[in-house]
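Values in this document were obtained by computation on a predicted structure and should not be read as measured data. Basis for what follows: all heavy atoms, side chains included, without hydrogens, waters or symmetry-related copies. In what follows, every chain begins at residue 1, and chains take the letters A, B, ... in the order their sequences are listed.
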Amino acid sequence: MAFPGGFREYMAVKRQKLEFQGQQTAAAGSQSSILAGINVYFNGYTQTHGSSLTYLEFKELILTHGALVRDKLEGDVTHIIASQMTDSKMKQLRKPVVTPAWLLDSIKEKKLQNWLQYRLYTNVVASQKTLDRFGAHEETRVVQEPEPTIEAQPEIDIVEAEEEDEEEEVPDEAVLHFGTKRPQLNMDSEWVKANICTAPGFLQKYFNSSRLHHLSTWKSDLRDFVAMQQATLKRTLPRPNPNAIIMHVDMDCFFASVAVRERPDLRDRPVAVAHSAGTGGRGSTSEIASCNYAARAHGVRNGMSIGRAREMCKSLTVMPYEFENYDACSKALYTILLRYGDEVQAVSCDEAYLEVSSSIEKAEALPEIALANRIRAEILEATGCRASIGIGSNMLIARMATKEAKPDGAHLVPKGTETAFMESQTISDLPGVGYVLTEKLAHKNIKTCKELSALSLSMLQKECGEKTGSMLYKACRGIDTRELENKPRQSVGAEINWGIRFQNYDEVEKFLYELTEEVVKRMKAASVKGKHITIKVKRKRYEGEPAKVLGCGDCDNLSKSHAFKAASDSTEAIFREGYRMLCEMQMKVDDIRGVGLHVSKLEGGAGGQSGPMELGQKTLTFGAGPSNDPLKNERKRKHSATEDGASDLFSRYGIKVDEIDWDVLVQLPADLQAEIKPYLEARATQQIRNETPPAPQARQEDLSPSKAAKYTLPTASQVDPEVLRALPDSIRKELEAAMKAPDPKRNIAAQPGILKRGKRRGSKISPGKGQLRFDQYLPGGGIANRPPSPSPPPAAPVIPLPEPIGRPALGSVSDGDMVRAMLSDWISSYRGGPDPEDVEAVIQYISNLVQDMELEEVDILLRWLKAKVGADMNDRKSKGNGAWATVFSNLMAAANEEVKKNYGHPLKGCEET
DNA sequence: ATCCTCCCCTAC
DNA sequence: TAAGGTAGGGGAGGAT
Ligand SMILES: Nc1ccn([C@H]2C[C@H](O)[C@@H](COP(=O)(O)OP(=O)(O)OP(=O)(O)O)O2)c(=O)n1
Ligand SMILES: [Mg+2]
Ligand SMILES: [Mg+2]
């Protein structure tokens, strides 16, 4: 695309160019200073082929009129020239962003035009057109006003030679008005209600229909499949092998080929696979998964909307998905590939890398191309679909060769000719170079690998980062040192960014719970648990429905993660923490446009894939690991410019609206009161309708037991760590049973003697993300002893949650710090020696900790006790000494015994001490 | 230096 | 009407 994003801008430039063609040469020598003082920076990349004004020509043109062009967005840049810009970028920029037409018109009029009239800006409401990252290249781009006149282009159905270049494709006017032609989606309609995420059965229906979900699932399955096959064969390749021969096999227009298998009549006609045929008059926003080469000749591409494709190709036939058939083809394909590959790396359901060195050696001196064609013939025979194969000395070369081979061909890049082969390639064709990198490099007028190879390694690394810079440096020279590999997966997740429209937090909660169930289902299928969970949320940036029906539109992406103390695959534990973090984001409920949940730091796995071995190694060595302090994880977050006034007001003071107490409000100065009150009232209404998230909740791991017991579940580390499986059956059963029907006894530690009087200290409930308590800001220092948060208790869970079970406690106290404080009191108040009943209680407490695998806490406690008793011994040589030392040794022995009982071996780390 | 969290980018 | 998922590489910037 000439100026990324804009046919309007493209046309403007083109028209200008025509007008300037004579003029420019005439004025070539002559100077003007119309643009003097203007320092521009170009956003986006430019083409240098085709008939439109190129970037260089354009640059030269404005230079001759006195403007300066900056390579970087430096301080003296006065304007940014762009015909399209991602919204996030637009938001960050501090400079005026204008279209190229500003400069062209100024030159044409021989007078500097008012740039305000050429501003690039979004116009979501008027056109219903939104920007979003998905379609930065097509229908989602900034709309400029006022509307210039565009010459309509007659529909073409026959491919014209001149139109081979897709950059030259000029869509007709309908596309420009795409949004306005579409009637506003009625969000109250029955159809919408039945198809958004709150509809019953949404999740399953959605995943069953989502091509991208299938793609991801198949890839994952195929990696497992390949790993399994390879494992049984267990051939080891000499590595690194400088003479390796790599093939890259990829089905031609896979989905479209399957669609056309039984339809020879369609074989040479343009065909695309999508959900909607888009025959209903309006331009359909349904996405094309795959289109055949006849359709591509019209400029149609995979990923394009049906509406846009129909603009380019009226005769397009849209065929439905056949997911089962793709799956079967894929299996057949891989079965063949596994016979030829010494090593196979699954890339997708229609694509894989093969290392075929030995096949070549032993196959009766069969040349590479012949082998490739034999494989291709087998694939066609087995699937009825054609594949193309690229062959080279490394993965990159093979991948690039496939592009040459397509469609229905094989292409070999002979060893030694790699550099020459790469020179002519376009950088955007390099694997790993997408839209952003292409644009970035286009700024330096880098378009081909040859041009890229002129840049130094250090400069590339400075511009693009260390690894990326190095990758580019090597790739353009045809160098790629990667080996084929099939690593086990490192994360499991699920996310949905379509049809997400909520009205209240009950719906959000229910949805996240179901999403969690889905993720847990996938984890169990892979026999893994995870220690780290991440919540992802998309937040809409503009009011109004996006162009893509029920799509997420242009969004901010927020994520938040938490590390469990031990791996978990418990729906409840993962959901609870996920929902807590989601609420912490304080999103307005109808701003939510996407939700995802991912679990990483996996342990377990079928092939004995065993994350870090927590049990034998880390946990039991009693290394003094850092404790988990949620406050440490606070992080400043950029506030979006679209924050409402209330948020602004309160964030200025570091206050969360939810935490404001109405009684406190009345004590504020009247003017401040007046400023705040309307917002609070609005907020209160929202709360009643449950449109705002529940009040921030403490992470349950940080709650004192009395609070935790009320409405929280045990942490993963308490009931559901990876090591559970290593426990004796009896104990594991007990724990598992406890999760379903808790035994109340487990909540009640023995409470003899002084321990019953354990004093409560302040809880460790986090005020949340750098929030300060409201009353700190009140005149006179605020009101003490006010309940910390006036907000309502969390909404009753829509999902019936299992009864919580308690964590180990001493008396009613389970927080480690608090336990130690109590023990400190205990030791100093019984100088003569402890009450045996109390000792028994402490032993019980430690045993419970061990059983709940809170070994870190045991470690901390024992170390602390040892120091405490030792200090007592030194400080005052009281007669209690011997007694406390004995107590300590008894506790130690008890702990050791319990550990041995549960884990089969004693505390190694402790023996040393 | 190396880690961690929160992103962004890429590919199919 | 429509089904914009997901895993992995990697970078920025702060904590340790
Ligand atoms: N944006 C995309 C890209 C691909 N796919 C699906 C449909 C494709 O058929 C399949 C394989 O992707 P390819 O990139 O291999 O594309 P094709 O096989 O369709 O065409 P090609 O001949 O270029 O490989 O993945 C999709 O759903 N959406
Ligand atoms: Mg393909
Ligand atoms: Mg492919």
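A:Phe202 comes within 4.0 angstrom of no nucleic acid atom, judged by non-hydrogen atoms across all strands. Note on A:Ser348: only backbone sugar-phosphate atoms sit closer than 4.0 angstrom, heavy atoms only; bases stay farther off. Across all strands shown, A:Arg522 has heavy atoms under 4.0 Å from sugar-phosphate atoms exclusively, and none from any base. Counting any heavy atom pair closer than 4.0 Å across all strands shown, A:Val433 reaches sugar-phosphate atoms only and no base atom. Across all strands, A:Lys219 comes closer than 4.0 Å to no nucleic acid atom at all (heavy-atom distances). In this structure, A:Ala274 reaches neither bases nor backbone, as no heavy-atom distance under 4.0 Å exists between it and the strands shown. Backbone-only contact: A:Gly493 has heavy atoms under 4.0 Å from sugar-phosphate atoms and none from a base. Within 4.0 Å (heavy atoms only), A:Ile196 reaches no atom of the nucleic acid at all. A:Gly465 comes within 4.0 angstrom of sugar-phosphate atoms only, judged by non-hydrogen atoms across all strands, and of no base. If you check every strand for non-hydrogen atoms under 4.0 Å, A:Asn208 touches nothing.
Ion pair A:Asp591/A:Arg539 not flagged as a salt bridge, since none of the NZ, NE, NH1 or NH2 atoms sits closer than 4.0 Å to an Asp/Glu carboxylate oxygen. A salt bridge is defined here as a Lys NZ or Arg NE, NH1 or NH2 lying under 4.0 Å from an Asp or Glu carboxylate O, and A:Lys521 with A:Glu517 fails to meet this definition.
Between A:Arg399 and B:dC12, a side-chain N or O to OP1/OP2 separation shorter than 4.0 Å is present. Residue A:Arg223 places at least one side-chain N or O under 4.0 Å from the OP1 or OP2 atom of C:dG8. For C:dA3, one of the phosphate oxygens OP1 or OP2 lies less than 4.0 angstrom from a side-chain nitrogen or oxygen of A:Lys548. The phosphate of C:dG8 has OP1 or OP2 within less than 4.0 Å of a side-chain N or O from A:Ser491. Distances shorter than 4.0 Å separate some side-chain N or O of A:Asn497 from OP1 or OP2 on C:dG5. In terms of phosphate contacts, A:Thr285 brings a side-chain nitrogen or oxygen within less than 4.0 Å of OP1 or OP2 of C:dA2. For B:dC6, the OP1/OP2 oxygens have a side-chain nitrogen or oxygen of A:Ser561 closer than 4.0 Å. Put simply, A:His598 has a side-chain N or O that comes within less than 4.0 Å of OP1 or OP2 on C:dA7. When the side-chain nitrogen and oxygen atoms of A:Ser284 are compared with OP1 and OP2 of C:dA2, one or more of them lie within a distance under 4.0 Å. Contact annotation: A:Ser216 side-chain N/O to B:dC12 OP1/OP2 distance is not under 4.0 Å. Of the side-chain N and O atoms in A:His214, none sit less than 4.0 angstrom from OP1 or OP2 of C:dA3. Remark: A:His213 is not in phosphate contact with C:dA3, judged by side-chain N or O atoms under 4.0 Å from OP1 or OP2. The phosphate of B:dC8 has neither OP1 nor OP2 within less than 4.0 Å of any side-chain N or O from A:Lys467. Contact annotation: A:Ser210 does not reach the phosphate of C:dG5 (side-chain N/O to OP1 or OP2, under 4.0 Å).
Rounded to whole angstrom, the span from the CG atom of A:Leu222 across to the P atom of C:dG5 amounts to 20 Å. As a whole-Å value, the separation of A:Leu582 CG from B:dC6 C1' is 16 Å. Atom P of nucleotide C:dT6 and atom CH2 of A:Trp218 are separated by 13 Å, given to the nearest angstrom. Regarding A:Glu577, its CD atom lies at a distance of 12 Å from the P atom of B:dT5, rounded to whole Å. The distance between atom CE of A:Met395 and atom C1' of B:dA11, rounded to the nearest whole Å, is 13 Å. Protein atom CZ of A:Arg593 is 16 Å distant from nucleotide atom C1' of C:dA3, rounded to whole Å. Straight-line distance from the CZ atom of A:Arg489 to the P atom of C:dG8: 7 Å, rounded to whole Å. Between the CD atom of A:Glu466 and the C1' atom of C:dG11 there is a distance of 10 Å, given to the nearest Å.
Taking only side-chain atoms of A:Ser559, from C-beta outward, the nucleotide of B:dT10, B:dT5, B:dC6 with the closest atom is B:dC6. Relative to the side chain of A:Glu351, the nucleotides C:dA2, B:dC12, C:dG8 differ in distance, and B:dC12 lies closest. Ranking B:dC6, C:dG11, B:dC8 by closeness to the A:Asn557 side chain, first place goes to B:dC8.
Put simply, the side chain of A:Lys540 gets close to the backbone of A:Asp590: a donor and an acceptor are under 3.5 Å apart. Between the A:Arg522 side chain and the A:Gly493 main chain, a donor and an acceptor come within less than 3.5 Å of each other. With hydrogens and angles ignored, the 3.5 Å screen pairs a side-chain donor or acceptor of A:Lys440 with a backbone N or O of A:Glu463. The backbone N or O of A:Leu316 sits less than 3.5 Å from a side-chain atom of A:Arg310, completing a donor-acceptor pair. One N or O on the side chain of A:Lys193 and one on the backbone of A:Asp188 form a donor-acceptor pair closer than 3.5 Å.
Residue order along DNA chain C, read from the 5' end via each residue's closest nucleotide, puts A:Tyr321 first among A:Ser220 and A:Tyr321. Residues A:Phe207 and A:Ala277 both approach DNA chain C. Their nearest nucleotides, taken by heavy-atom distance, put A:Ala277 toward the 5′ side.
You'll find the side chain of A:Phe207 reaches within 4.5 Å of the side chain of A:Glu518, heavy atoms only.
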